[in-house]
Structure formats: structure tokens, C-alpha cells
2 protein chains.
Amino acid sequence: MASFPDEIIDTLSIDCLIFGFESGELQLLLVKHAEGISKDRWALPGGWIKYNESLDTAAYRILRALTGVQDVYLEQLRAFGDLDRFPVRRVLTVAYYSLVKPKDYDIIPGFTASDAKWFKVNSIPAMPYDHNKILDFGLSFLKNRVRHEPIGFNLLPEKFTLLQLQELYESILHTKLDKPNFRRKFIKMNLLVPCNEKQKDVAHRAAQLYRFDKKIYDQLAEKGFTFEF
Amino acid sequence: MASFPDEIIDTLSIDCLIFGFESGELQLLLVKHAEGISKDRWALPGGWIKYNESLDTAAYRILRALTGVQDVYLEQLRAFGDLDRFPVRRVLTVAYYSLVKPKDYDIIPGFTASDAKWFKVNSIPAMPYDHNKILDFGLSFLKNRVRHEPIGFNLLPEKFTLLQLQELYESILHTKLDKPNFRRKFIKMNLLVPCNEKQKDVAHRAAQLYRFDKKIYDQLAEKGFTFEF
DNA sequence: TTTTGTTATAGTCATTTTGACCACAAGATA
DNA sequence: TATCTTGTGGTCAAAATGACTATAACAAAA
């Protein structure tokens, strides 16, 4: 079974949770299976690991092959290994996640996917296997993480307004936050750099645009800083 | 290969990080391999998953068989799947961790372990495979987690002093904390219940003993509370 | 041109939390 | 009795928080 290096291991798979943020809502990238036992159903982008690739390598390959998404930062969530999670035989899957800006990527379904598109996190269809369970895990992971690390980095466009940032937090935390207080708190963290630019084409007072300062973030991250909301 | 349900899967393993806290220091439970390619070396308690058991089940079985430790809460950390992590063939391992009170457990080496004992985290020997890497991951995970959840629960004896609690935090966070401030902060969280008892056999003023209030903790945990130090 | 609607942004204020301390208490030991 | 060690109660200024109020911009409607 392990004789040919490039052969797949049919008991080890990868599944990806690709989160995006657009029009004030958290989104998830799903693919429609083109073959296999869940043909024509929407599910997490996933596939078999090959004998000669590491978990990370497999995750990047599979995500790219199925959705066209590449050059993202994938992070492992954890393994899911319940006996009955896959109906045919015992399959262990390792879940990865990423946070991206949907607009930065052309979604190109391919490989074992006949289609691929963004779904609002609040209206995800019932997926095959334990994919909904994996999503739930990912969502609570995200909810937890957003409280302690400035993950907004990857979800917002290069330049963003404070309201967009706040909406991102509200959408992940599932709460309303006070605008002036949110603004004050975030600005005091020194992570935001005001661009010399304002919002355009809005039917109200244009907001200041900001961007994240990666350097300052890295400095802070090294000292192990955290923040709460 | 998958024909006999009770057969092991020789490409899937479990490794456990069992942390303990004693005499002011963080400890880790290791076993000495009795067989295999790393015979006589100290390593994380670990073993092969069987075809008919889930990851969690395998973790409990293996930990118990090798060290005698049972009735603990094991939590999955993540999977480690680098191609070269195991010299003979490709093996994916799923790491689990637990926090326990060493005194609560009789360490009984067994199965593939010829010996088992606690090591101070600061003097862990070089271990085979990627076990040191797994430990590093576990330590930073712990460091991060201790800042946001009251994990002390499982590491301290039933009744403990505030100084013991503080030493636990200092030992995980690798810093010194101010005594009166630590005390004030922790007491205000309402998580500690004073026992009507004092420390005994100490060569100085005896400290009040406290215990955790699990109910209050659960209430707080549900609301998603966090704390910082 | 004025009004209206909508979001941006500045600021107030009482309360709570923090960090850095000091000082005394309790008890064992020299 | 003096001294040492750790426990525990407290102060105090500074900073952070949460709940608001008020004003600024500016597009669109009246």
C-alpha cells in the first residue's frame, strides 16, 4: 500500500475550513463533490494525503486543486478520528483552517470538485461525514482566538475603516460592541496606522482608512500580548 | 491490513504529554521503551492505534497500559505528520495532553514500557522521533492556555495555598508575579473557596487553604470568561 | 437651499482594575 | 527575646472600562 511514493493513503485525509469576511458577514468556502459517495453534495474542500507529502503540503495541494486558492496561510486545527465519521472505512482527517479576503482569490473548482463557492456561515447546508462538526469546532476556535490575537489581519482588505473592523469582531463574537469604546480600545493598542485616505463612494461622512502595522504586531506578539473585548 | 478489527494500524500512533506540578515545578511523565527501534530511551508515552478504536479511546488505552495512569482528562493537541518524523516508515501521530497531580497516581510501567517516571520539564532528555518538538508545542500551548482558562484545577492538590497557585502560574508562564496583586486578582474572580483549614508543618506562618469551586468555574466558562496575568 | 439621515469621531464621567508598593501578623527558629 | 519567613491586609496614583452625549461631515431628499 505504501509501495508507490506518490500513491494516496486512503485512510488519511485533509479537510479545510476557509473563512472569509465580506459585506459584514463571515463566509466559508465549500466545494461540490464531482465524484465519490457524496457526489453533488456541498462539503469542505478536502482530499486524500499522498504517501510522500506532509500534512501541511497535502493541505496546500488539495486546497489549491479543488478551489484554486493558493498563497494562503493554513494552520492545522486538529485531527478528527471517530470510527464512524466516514461510512466506508476508517478514515482519519486532519482539519486545517485559514482566514482570507474573498476578493483576493479567484475561485476555480477543479480536481474532484465540480463547483466551489462562498457560503454565509449562518446558512451552511448539511454536509457529509462530520464536516458540520468540524465547522463547529472551527467556529468556536475562531471565537476564542479572536479574543486573544489580532487575526483581523487576514480577513480585511489592506485598507479598512474602524467600522469594518468592528463588524468583523461582532460577526465572529456574535455580539454588538459599543462604537466609541471599540475605537478607543483598538487605537490605543497602536496596531493601526491611519492612511492619508478616506473612504469613497459612501452616502455619509467618509471614514478614515487604516491599515495594520505588521511590524508593531510582531513586536507585541513576541511579548505575548493579548487583548479582550 | 484492515481485516482484523483489533489489529493495530502501524501508520497511526498516539503520543501523550502528561504534565504534573510538584514542589513548585512543572513535570512531565515519560516512559522508557522496552522494545522497538528506540529501546531503552526515554520518550513520551505512546503507541499504535487499533483499527477499531477512536483516537480518544486509543489515547486512554495507551496511556493506561504504559504508565498505569487512568481516569484523567485527555485533550487532543494536534496531529504531527512530517514525513521524516519516524525513521522506518511514514507514521502520523496524534498528540494528547493532560494536567494531573502526580501524587494522585501510582506510576506502573507496563506493555511496551520498561520504566516510567516524572521528569522536571526543564531537564527533559533528548527524546526519539519528534517528541521534543511535540513537547515544545505542548509547552507553548499551555503557556497560552493558562492565560485564558483556570487550568490550575487539575494540577494542584484538592486544597492548596495561594502561593502554590501562584508558583504554578509562575512556572508555566516563566515569570515572577507580585504576591499581593496575584492574590487580590484571583480572589476577586470568585473561583476560590476558602477551606476552614490552614497549612500544616511549615516553618512559618501557616497559609489559608483554598479549593476551586467547580460550579462557579463552569458558570463563568459558559459565559466565555478569560483572565490575564 | 434647507432639512434630514446616516455614520464618523471627540469627549465626559463615574467606576473598576492595575501595578507598585508598604506594613503588620503569625508563627517557627536561633 | 530577637529574628526570619511567609501570609495577608492595605494604600495610592495611574490606567482602563462601560455607558453615554455631543458634534462633525456629507450625501440625498425636500
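To find a chain, count down the sequence lines: A is the first, B the second, and so on, and within it residues start at 1. Nothing here was measured: the structure is a model prediction, and the numbers come from that model. Hydrogens, waters and symmetry mates play no part in the numbers below; they use all other heavy atoms, side chains included.
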K.L.:
According to the interplanar angle, ranging from 0 to 90°, do the rings of Tyr129(A) and His131(A) count as parallel (below 30°), tilted (30 to 60°) or perpendicular (above 60°)?
P.N.:
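The rings of Tyr129(A) and His131(A) stand perpendicular, inter-plane angle above 60°.
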K.L.:
Does the dG10(D) base have a donor-acceptor partner in the side chain of Arg184(B) within less than 3.5 Å?
P.N.:
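No, no donor-acceptor pair under 3.5 Å.
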K.L.:
The side chain of Arg183(A) lies closest to which of these nucleotides: dT9(C), dA28(C), dG19(C)?
P.N.:
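For the Arg183(A) side chain, the nearest candidate turns out to be dT9(C).
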K.L.:
On DNA chain D, check which nucleotide each of His204(A) and Lys188(A) is closest to and give me the residue with the more 5' one.
P.N.:
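The residue mapped nearer the 5' terminus is Lys188(A).
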K.L.:
Report yes or no: does Gln199(A) contribute a side-chain atom to a donor-acceptor pair with the main-chain N or O of Ala207(A) at less than 3.5 Å?
P.N.:
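Confirmed, Gln199(A) side chain pairs with Ala207(A) backbone.
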K.L.:
Report yes if a side-chain nitrogen or oxygen of Lys179(B) is closer than 4.0 Å to either non-bridging phosphate oxygen (OP1 or OP2) of dG7(D); otherwise report no.
P.N.:
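For Lys179(B), the contact criterion (side-chain N or O under 4.0 Å from OP1 or OP2 of dG7(D)) is met.
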K.L.:
Base, sugar-phosphate or nothing for Leu162(B)? Non-hydrogen atoms, less than 4.0 Å.
P.N.:
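Contact class for Leu162(B): none.
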K.L.:
Let me know, please, whether Pro180(A) or Lys198(B) comes out on the 5' side of the other along DNA chain C by nearest nucleotide.
P.N.:
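Whichever sits nearer the 5' end wins; that is Pro180(A).
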K.L.:
Examine distances only and state if a side-chain atom of Lys159(B) and a backbone atom of Arg211(B) form a donor-acceptor pair shorter than 3.5 Å.
P.N.:
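Checking the backbone N and O of Arg211(B) against the side chain of Lys159(B), no donor-acceptor pair under 3.5 Å is found.
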K.L.:
Closest-nucleotide mapping onto DNA chain D: is Gln164(B) or Asp178(B) further toward the 5' terminus? I mean the 5' end.
P.N.:
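Result of the comparison: Gln164(B).
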K.L.:
Using only heavy-atom distances, decide whether a donor-acceptor pair under 3.5 angstrom links the side-chain of Arg205(B) to the base of dG7(D).
P.N.:
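For Arg205(B), whose side chain was compared with the base of dG7(D), there is a donor-acceptor pair (under 3.5 Å).
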K.L.:
Which is true for Gln199(A) with a 4.0 Å heavy-atom rule: it touches a base, it touches only sugar-phosphate, or it touches nothing?
P.N.:
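Counting heavy atoms under 4.0 Å across all strands, no contact is made by Gln199(A).
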K.L.:
Quick one: do Asp130(B) and Arg85(B) make a salt bridge, cutoff under 4.0 Å?
P.N.:
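Yes.
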